[in-house]
Number of protein chains: 2
Amino acid sequence: MLVPGKTSGRAGIADVARLAGVSIGTASKALNDRGQLREETRARVQAAAEQLGFIPSSVATSLLTGRTFTVGLIMTDHHGRFSLPVLHGAEDALGWAETLAFVCDTRDDPIREQHYVRSLLGRRVDGIIVAGRRAEARPPLITRAPVPVVYAFARSADEGDCSVVTDEEGGAVLAIEHLVRTGRRRIAHVTGPHGHASAIARVAGVSRALRAAGLEPVGDPWYGGWSEVWGRFAAAALTREHPDVDAVFCGSDTIARGVADGLRESGRRVPEDVALVGVDNWAPIAEECRPPLTSVDLNLREVGRQAGRLLLQAIENGHTPGVHSVDCQLVVRSSSAPASGRT
Amino acid sequence: MLVPGKTSGRAGIADVARLAGVSIGTASKALNDRGQLREETRARVQAAAEQLGFIPSSVATSLLTGRTFTVGLIMTDHHGRFSLPVLHGAEDALGWAETLAFVCDTRDDPIREQHYVRSLLGRRVDGIIVAGRRAEARPPLITRAPVPVVYAFARSADEGDCSVVTDEEGGAVLAIEHLVRTGRRRIAHVTGPHGHASAIARVAGVSRALRAAGLEPVGDPWYGGWSEVWGRFAAAALTREHPDVDAVFCGSDTIARGVADGLRESGRRVPEDVALVGVDNWAPIAEECRPPLTSVDLNLREVGRQAGRLLLQAIENGHTPGVHSVDCQLVVRSSSAPASGRT
DNA sequence: TTGAAAGCGCTAACAA
DNA sequence: TTGTTAGCGCTTTCAA
């Protein structure tokens with residue numbers, strides 16, 4: 001089955017050495033700028049390598065050094081809305097092709113996850129990033145990994161692990177502060193399912209920020225789904241029950257878009273009568289919203305960047321346990337423009 | 001810099017052999033079910049491996065066999081709407097962790113692409129999948145790769161390469177046929193920018209299907225952008241210029257959603273007065289559309305699956321040049337329900 | 001300044 | 001049935 005020595009047509013260092021008329025060891029030194037070599041020799045070897053299109057096999061050096069400059073990125077989020085930005089951030093931190101990432105989509109299946117982890121370990125990855133799909137804590141990897149693991153976005157339920165998360169509560173605070181600063185006083189909160197970790201965190205942030213501003217909430221938080229339908233429904237009910245509402249903070253851009261449509265259809269103008277802020281800053285929704293939606297960006301890319309950085313650090317200098325939190329960022333669009341001259 | 005022999009705490013086959021009281025060679029045979037061994041020995045070795053949590057280093061076997069069971073997946077599509085399904089399909093074909101994929105996002109930067117390719121080649125990937133972002137042909141990889149390359153979604157401009165694409169023209173035909181079959185006769189086509197490959201292919205499909213049905217197009221194709229704003233604008237203009245229009249085929253779900261809103265706001269009911277079909281079957285848009293949108297699915301996952309399959313085939317049995325086309329699939333939702341009893 | 005040789009973890013011939 | 005050895009492609013001592 002295994003045919004040894006299937007050295008493809010690729011040039012090896014032996015070919016380079018032969019072409020340059022030096023020994024393999026000398027060629028190695030020349031190519032890696034190590035040791036003491038005559039400049040002429042070095043140049044000759046490099047020219048030979050160039051000519052042959054020599055690309056050193058990192059398989060060989062990995063075997064030698066025990067390091068592969070390779071990590072695993074496990075994503076559980078099938079459509080990638082959350083995992084992709086994390087991947088991009090990780091790529092930033094991993095130095096654009098310095099270290100490469102094996103991406104594994106587990107489809108939320110623990111069996112598959114285990115498979116992937118084993119496979120990654122067999123490939124001797126230097127570390128693993130686990131990118132979750134939601135803000136809930138997730139169970140740690142089943143397989144005990146002999147390499148560092150960093151959880152991104154969804155933190156590990158094990159406090160001894162290293163996780164990077166988004167400060168969702170802080171994001172809500174940002175949103176409310178923005179609304180207050182732009183003159184809104186009657187602020188409602190429409191969010192996703194009751195009991196959902198993100199919803200809980202944001203509700204906490206809303207309360208905190210409203211209290212700090214000396215404002216009463218407009219009714220209880222409105223729990224529902226993450227859909228536009230829910231947003232439209234909530235908008236209708238909200239204007240009926242609290243006709244004086246002048247701002248709505250929504251648990252997601254999707255909800256916010258529904259609220260925007262719902263408000264418009266019940267005769268309220270956005271942002272003149274009611275300001276709107278969503279969460280996710282998901283371009284296809286936020287930018288197509290009428291009007292374009294002010295939104296809290298979860299800064300997932302930065303989460304990925306941090307995760308990558310912490311992973312490299314763990315690989316080089318050991319574990320950094322704990323939950324590392326990344327701030328959200330408010331992206332202002334027209335849906336929250338001040339009603340009048342109030343600033 | 002390179003510290004040789006940094007054998008981490010991981011168990012190696014030598015440890016397994018020692019624990020089982022056999023030689024390394026014997027341990028290898030036992031673990032790989034090769035050679036003739038006493039059953040008892042095999043079991044003892046396997047137990048030892050189990051106990052030590054031994055996972056064989058594929059780095060070593062890769063060096064030996066010249067095959068890494070690893071591929072590169074280059075994506076140029078930053079938000080992953082097109083590349084992710086391709087990745088998932090590829091994972092299907094690559095046998096869920098049998099072969100692992102390094103995912104590289106080039107951000108459409110040729111320099112970065114070159115970097116990644118070199119890095120992949122250094123890691124001795126068995127092959128490369130290049131997942132494009134649009135239906136336009138793309139220039140082939142700059143670096144001549146000594147391994148098979150398959151282009152997915154965006155085909156290579158070089159006909160000698162192997163590409164897997166979606167049959168966009170066929171998708172348009174599917175849409176028109178569906179509309180005709182459900183009794184529509186005055187069918188308009190609103191699409192993206194003039195000159196865009198996808199738009200061109202779809203326009204061709206529309207003409208073909210209309211001609212086959214013996215119908216006249218309702219005016220020329222409406223070229224614009226891929227946005228909802230364009231859809232809304234087009235809907236208004238369309239109903240003004242062609243009040244008898246009873247169906248609109250849109251170049252994307254986003255456009256279709258704009259058209260849906262535009263129609264509703266000019267007093268047309270969807271689907272009672274006007275049926276609507278989009279392209280992409282992008283859940284967050286198609287499902288949130290009012291009403292939920294019938295859409296042509298590009299079958300990107302199947303594109304990825306094919307690409308993976310062709311790549312493996314190329315790795316094992318050599319190159320399969322040419323453009324391989326995958327059919328689209330119509331996903332029917334309420335936006336195209338028959339107006340009355342006509343079937 | 002260069003070459004020769006050992007060895008990374010493992011498999012597969014060959015020897016015992 | 002088991003052990004020994006060579007070697008995959010490279011880096012790095014150490015000797016020349």
Side-chain angles (χ1 to χ4, degrees), chain A residues 1-18 20-45 48-49 52-69 121-124 126 146, chain B residues 1-18 20-45 48-49 52-69 121-124 126 146:
Chain A
M1 172 153 286
L2 293 170
V3 185
K6 251 305 182 38
T7 307
S8 60
R10 256 192 286 258
I13 198 172
D15 304 299
V16 175
R18 199 174 314 119
V22 296
S23 75
I24 291 182
T26 304
S28 172
K29 278 172 228 154
L31 293 169
N32 297 291
D33 280 319
R34 246 182 280 284
Q36 311 283 290
L37 266 68
R38 210 152 26 107
E39 200 41 58
E40 192 270 327
T41 313
R42 207 180 284 280
R44 191 151 35 88
V45 172
L52 295 173
F54 170 72
I55 299 180
S57 163
S58 68
V59 174
T61 64
S62 293
L63 188 56
L64 218 46
T65 62
R67 192 152 165 201
T68 55
F69 288 93
L121 261 19
R123 275 159 178 94
R124 295 298 187 258
D126 296 330
Chain B
M1 173 155 284
L2 293 170
V3 184
K6 251 303 180 41
T7 306
S8 60
R10 256 194 287 259
I13 198 172
D15 303 299
V16 175
R18 200 174 313 118
V22 296
S23 76
I24 291 183
T26 303
S28 172
K29 278 172 229 156
L31 293 169
N32 298 291
D33 280 320
R34 248 183 277 285
Q36 311 282 291
L37 266 68
R38 210 150 29 106
E39 201 42 57
E40 192 271 328
T41 313
R42 206 180 286 281
R44 191 151 36 87
V45 172
L52 295 174
F54 170 72
I55 299 181
S57 162
S58 68
V59 174
T61 64
S62 293
L63 187 56
L64 216 47
T65 62
R67 192 153 166 200
T68 56
F69 289 93
L121 260 21
R123 273 155 180 97
R124 295 298 188 257
D126 297 329

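Only heavy atoms go into these numbers, but all of them, side chains included; no hydrogens, no water, no symmetry mates. A, B, ... follow the sequence lines: proteins, then strands. Residue 1 opens every chain.
- Using a 4.5 Å cut-off on side-chain heavy atoms (C-beta onward), P56(A) and L31(A) make no contact.
- Every residue meeting the side-chain contact (heavy atoms from CB on, under 4.5 Å) condition with A14(A), not counting sequence neighbours, appears here in chain and number order: R18(A), I24(A).
- Rounded to the nearest 0.5 angstrom, R124(B) CZ and I55(A) CD1 are separated by 7.0 Å.
- The salt bridge (Lys or Arg N to Asp or Glu O under 4.0 Å) contacts involving residues 53-69 of chain A comprise R67(A)-D126(A), R67(A)-E316(A), where partners must be two or more places apart or lie in separate chains.
- Atoms CZ (F69(B)) and P (dT11(C)) sit 13 Å apart, rounded to a whole Å.
- At least one donor-acceptor pair under 3.5 Å links the side chain of R123(A) to the backbone N or O of F69(B).
- Taking a 4.0 Å limit (strictly below) on heavy-atom distances, residues 36-44 of chain A does not reach DNA chain D anywhere.
- The nearest whole Å value for the distance from the CZ atom in R124(B) to the C1' atom in dC8(D) is 12 Å.
- Separating the CG atom of L63(A) from the P atom of dC8(D) is a distance of 13 Å, rounded to the nearest angstrom.
- As rounded to whole Å, 14 Å separates atom P of dA4(C) from atom CZ of R18(A).
- For the pair R34(A) and dT11(D), the criterion of a side-chain N or O lying under 4.0 Å from OP1 or OP2 is not met.
- Applying the side-chain contact (heavy atoms from CB on, under 4.5 Å) criterion to S28(A), with sequence neighbours excluded, gives I13(A), N32(A).
- Side-chain N/O atoms of S57(B) include none lying less than 4.0 angstrom from OP1 or OP2 on dG9(C).
- Partners of L52(A) according to the side-chain contact (heavy atoms from CB on, under 4.5 Å) rule, which considers only residues two or more places apart in sequence or in another chain, are A11(A), D15(A), V16(A), L19(A).
- Taking E40(A) as the reference, R38(A), R44(A) meet the side-chain contact (heavy atoms from CB on, under 4.5 Å) condition, with sequence neighbours excluded.
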Check nucleotides 3-5 of chain D against the protein and report each pair of N or O atoms closer than 3.5 Å, with its distance, or say if there are none.
from   : atom 1 : to     : atom 2 : distance (Å)
dG3(D) : OP2    : S23(B) : N      : 2.8
dG3(D) : OP2    : S23(B) : OG     : 3.3
dG3(D) : OP2    : T26(B) : OG1    : 2.8
dG3(D) : O6     : K29(B) : NZ     : 2.8

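- Every residue two or more places apart in sequence or in another chain that forms a salt bridge (Lys or Arg N to Asp or Glu O under 4.0 Å) with R42(A) is listed here: D33(A).
- No side-chain heavy atom of S62(B) sits under 4.5 Å from any side-chain heavy atom of V59(B).
- Atom-to-atom, CG of L31(A) to P of dT12(D) comes out at 12 Å; the value is rounded to the nearest Å.
- Computed from C1' positions of five pairs at each end, the angle between the two local axes of the helix from dT1(C)-dA16(D) to dA16(C)-dT1(D) equals 60°, rounded to 10 degrees.
- Remark: P of dC8(D) and CG of D15(A) are 12 Å apart, rounded to the nearest angstrom.
- The nearest whole Å value for the distance from the CG atom in L64(B) to the C1' atom in dA13(C) is 12 Å.
- When the side chain to side chain donor-acceptor pair (under 3.5 Å) test is applied to S58(A), no partner is found at least two apart in sequence or on another chain.
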